[in-house]
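None of the values given here were measured: they were computed from a predicted structure.
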Amino acid sequence: MNRYEQYMYSYPHKTAYRPLEGVSLDAYAGFLAGRQCSLYLHIPFCQAKCGYCNLFSVAGQPASSVDAYLDAVERQSRQYAAVLDASAPVFSELVIGGGTPLYLTQAQMERMFDMVFRFFRFTERPEIIVETAPNQTTVEKLRLLRQTGVTRVSMGIQSFHNAELSALGRQHTADRAREAWELLRSFDFPCVNVDFIYGIPGQSRESLLASLREALIYGPDEIFLYPLYVKPGTGLEHAGTVPNAEAAFALYDAGSGFLRERGMRQDSMRRFVRGQNARRYAECGFGASLALGCGGRSYLGNLHFCSPYAVSGAVCLQRLAAFEHTEDYTAVSHGFLLSEDEMKRRYVMRHLLIRPGLDPARYAAHYGGNVMADFPLLQSWEEAGYLCRQGNYLTLTEDGLALSDCLGPKLISPQVREAMAAWEENCG
């Protein structure tokens with residue numbers, strides 16, 4: 001059994017996206033009306049590309065390149081705002097990810113926020129979520145985030161051991177991570193999340209637990225504990241790094257147990273929440289999300305779209321140049337139109353892999369069917385002890401959560417699996 005087949009953070013994965021013709025934003029803008037909507041802005045710039053990173057990002061770009069990108073995002077925002085005027089969406093959430101958003105200078109960050117709030121409308125107190133990295137976390141930039149009303153800051157630490165950071169290709173040191181976290185905590189953001197990785201070459205049970213033990217001293221609201229994946233096109237793949245799945249699972253078992261024993265609530269294979277923090281993921285599959293920038297994904301009904309996916313720096317730069325020279329940003333040229341079967345698969349995956357789980361009655365209300373009949377695989381999971389019934393929900397057991405990256409991929413359709421495999425064979 002391959003416990004680490006695929007991280008199902010979205011479905012279908014954007015490696016399954018293909019060219020689209022005759023699709024435009026205005027035909028789907030209605031999905032943003034009268035709903036809980038999210039606006040996502042992708043900042044594809046980093047200090048350096050980490051060895052495991054398969055995200056759309058470019059490293060070491062000068063300020064002039066960032067300015068040119070923001071110029072393009074401003075043109076895109078203006079065109080989007082004109083199309084969305086009739087549906088008048090009001091966004092309840094703004095997510096700024098990357099890359100490393102705080103790679104921008106303070107002046108560029110100010111421009112970024114001004115642009116977003118000038119072209120789009122938000123609820124009175126929207127959730128504003130921003131990602132950062134230790135080397136880019138400064139007093140001035142955190143002050144700007146606080147003044148802007150940011151409610152959640154997520155920082156990738158990955159380890160408090162320099163040898164492990166070096167193995168991952170991270171640019172910060174353990175001491176710099178400590179300084180950045182102390183600084184971040186001093187600004188009293190409503191929610192602070194930190195990321196750690198297990199399965200790093202040379203990592204031991206003792207070193208992982210030492211990192212997590214130190215993490216808890218700072219009182220994080222959330223910890224995400226990620227397994228190390230070595231995906232096609234990444235630095236670690238080029239270096240010939242081969243993860244040891246059994247060793248990684250032993251580390252997961254130790255790390256997740258350690259966090260639960262210390263009062264962290266486990267909501268998914270990766271997410272651990274301090275105390276009784278009530279933040280839960282909303283019902284998945286029906287909310288709408290609009291993305292700005294190159295590399296961000298939009299979800300509007302059964303239409304998912306983004307710029308063509310890439311991993312290597314050279315191809316990402318080509319995609320970035322194409323984005324910056326786009327004339328009509330409202331024309332949707334690359335994405336995936338989900339059939340009803342694919343929508344069902346997305347709904348089941350997105351709910352089962354995150355607690356409290358999947359409500360069969362809600363599924364029936366949406367799709368008019370019995371989820372156990374539509375997906376007989378779930379019955380076998382229940383019989384194997386991976387799935388149980390808790391109140392109104394079908395919920396993964398502790399053993400089931402640990403197998404999320406094995407169970408979730410079993411719900412991928414043959415069409416999507418074939419498209420993903422084809423991309424990996426020719427990945428850029």
Side-chain angles (χ1 to χ4, degrees), residues 41-70 73 95-113 129-145 150 153-184 192-197 200 211 224 226 228-231 233-239 241 293-296 310-321 323-324:
L41 172 57
H42 191 71
I43 303 296
F45 302 100
C46 285
Q47 177 184 1
K49 192 98 167 178
C50 298
Y52 56 87
C53 180
N54 69 333
L55 301 177
F56 187 97
S57 63
V58 294
Q61 297 300 297
S64 58
S65 295
V66 178
D67 287 334
Y69 179 73
L70 292 178
V73 173
V95 181
I96 303 175
T100 307
L102 270 64
Y103 181 85
L104 276 58
T105 65
Q106 185 173 348
Q108 289 168 337
M109 288 176 60
E110 289 173 352
R111 179 188 177 189
M112 174 188 72
F113 282 118
I129 302 167
V130 178
E131 297 176 0
T132 187
N135 285 349
Q136 285 68 46
T137 302
T138 67
V139 171
E140 296 76 17
K141 292 178 182 180
L142 291 180
R143 183 176 295 120
L144 175 59
L145 296 185
V150 168
V153 180
S154 179
M155 183 164 66
I157 290 179
Q158 317 313 356
S159 172
F160 278 122
H161 301 279
N162 287 330
E164 294 173 7
L165 293 172
S166 178
L168 293 172
R170 297 290 287 179
Q171 297 300 301
H172 68 268
T173 64
D175 282 343
R176 177 57 195 147
R178 295 179 181 105
E179 293 167 2
W181 201 350
E182 288 180 359
L183 186 59
L184 183 56
V192 172
N193 164 75
V194 285
D195 298 341
F196 288 87
I197 289 178
I200 305 169
S211 285
F224 274 71
Y226 289 97
L228 176 65
Y229 271 95
V230 177
K231 289 293 187 179
T234 62
L236 288 180
E237 190 240 2
H238 293 314
T241 302
C294 188
V311 174
S312 75
V315 180
C316 285
L317 284 171
Q318 292 173 13
R319 302 277 193 262
L320 200 55
F323 171 79
E324 291 171 357

Contact between [X] and [Y] at the side-chain level, heavy atoms closer than 4.5 Å - yes or no?
X: Phe323; Y: Val73; answer: yes
X: Pro44; Y: Leu320; answer: yes
X: Met155; Y: Leu184; answer: yes
X: Val311; Y: Lys231; answer: no

Which atom of [X] lies closest to which atom of [Y], heavy atoms considered:
X: Glu131; Y: Gly99; answer: OE1-O, 4.0 Å
X: Ser159; Y: His161; answer: OG-N, 2.9 Å
X: Ile200; Y: Ala167; answer: CG2-CB, 4.0 Å

Mind checking the [atom1]-[atom2] spacing from [X] to [Y]? Nearest 0.5 Å is all I need.
X: Ser211; Y: Leu165; atom1: OG; atom2: CG; value: 8.0 Å
X: Phe160; Y: Asn162; atom1: CZ; atom2: CG; value: 11.0 Å
X: Ile43; Y: Met109; atom1: CD1; atom2: CE; value: 9.5 Å
X: Ile157; Y: Ile197; atom1: CD1; atom2: CD1; value: 11.5 Å
X: Arg111; Y: Gln106; atom1: CZ; atom2: CD; value: 15.5 Å
X: Leu168; Y: Leu228; atom1: CG; atom2: CG; value: 6.0 Å

### Query
Stepwise, does the side-chain contact (heavy atoms from CB on, under 4.5 Å) test hold for Ile96 with Met112?
CA-CA 10 Å; Ile96 303 175; Met112 174 188 72; 3.7 Å; yes
Less than 3.5 Å apart, which donor and acceptor atoms pair up between the side chains of residues 132-139 and the rest of the protein, not counting sequence neighbours?
from, atom 1, to, atom 2, distance (Å)
Thr132, OG1, Thr137, OG1, 2.9
Asn135, ND2, Gln47, OE1, 3.0
Asn135, ND2, Gln171, O, 3.3
Gln136, NE2, Gln47, OE1, 3.3
Thr137, OG1, Ala133, O, 2.8
Thr138, OG1, Lys141, N, 3.2

### Query
Any donor and acceptor pair, going by atom type alone, linking the side chain of Tyr69 with main-chain N or O of Cys294 inside 3.5 Å?
yes
#### Entry: Main-chain N/O of Leu102 paired to Thr100 side chain as donor or acceptor, under 3.5 Å
no
### Message
Which residues pass the salt bridge (charged side-chain N to carboxylate O under 4.0 Å, His left out) test with Glu110, not counting sequence neighbours?
### Response
none
### Task
Could you pull out all residues at least two apart from Arg319 that satisfy salt bridge (charged side-chain N to carboxylate O under 4.0 Å, His left out)?
none
### Leu70 and Leu104: CA distance, side-chain angles, deciding distance, side-chain contact (heavy atoms from CB on, under 4.5 Å) verdict
CA-CA 10 Å; Leu70 292 178; Leu104 276 58; 4.3 Å; yes
Could you give the side-chain donor-acceptor pairs of residues 55-67 under 3.5 Å, partners two or more places apart or in another chain?
from, atom 1, to, atom 2, distance (Å)
Ser57, OG, Lys49, NZ, 3.0
Gln61, NE2, Ala59, O, 3.2
Asp67, OD1, Gln108, NE2, 3.0

### Query
Got a salt bridge between Glu140 and Arg143, using NZ or NE/NH1/NH2 to carboxylate O under 4.0 Å?
no
### Message
So, using side-chain hydrogen bond (donor to acceptor under 3.5 Å, both in side chains) as the criterion, who are the partners of Thr173 when residues are at least two apart?
### Response
none
### Query
Does Arg178 have any side-chain hydrogen bond (donor to acceptor under 3.5 Å, both in side chains) partners at least two apart in sequence or in another chain, and if so, which?
Asp175, Glu214
### Task
Verify side-chain contact (heavy atoms from CB on, under 4.5 Å) between Val192 and Trp181, making sure each step is shown before the conclusion.
CA-CA 9 Å; Val192 172; Trp181 201 350; 3.9 Å; yes
### Task
Take Tyr52 and Arg170 through the test side-chain contact (heavy atoms from CB on, under 4.5 Å) and record every step on the way to the result.
CA-CA 9 Å; Tyr52 56 87; Arg170 297 290 287 179; 3.3 Å; yes
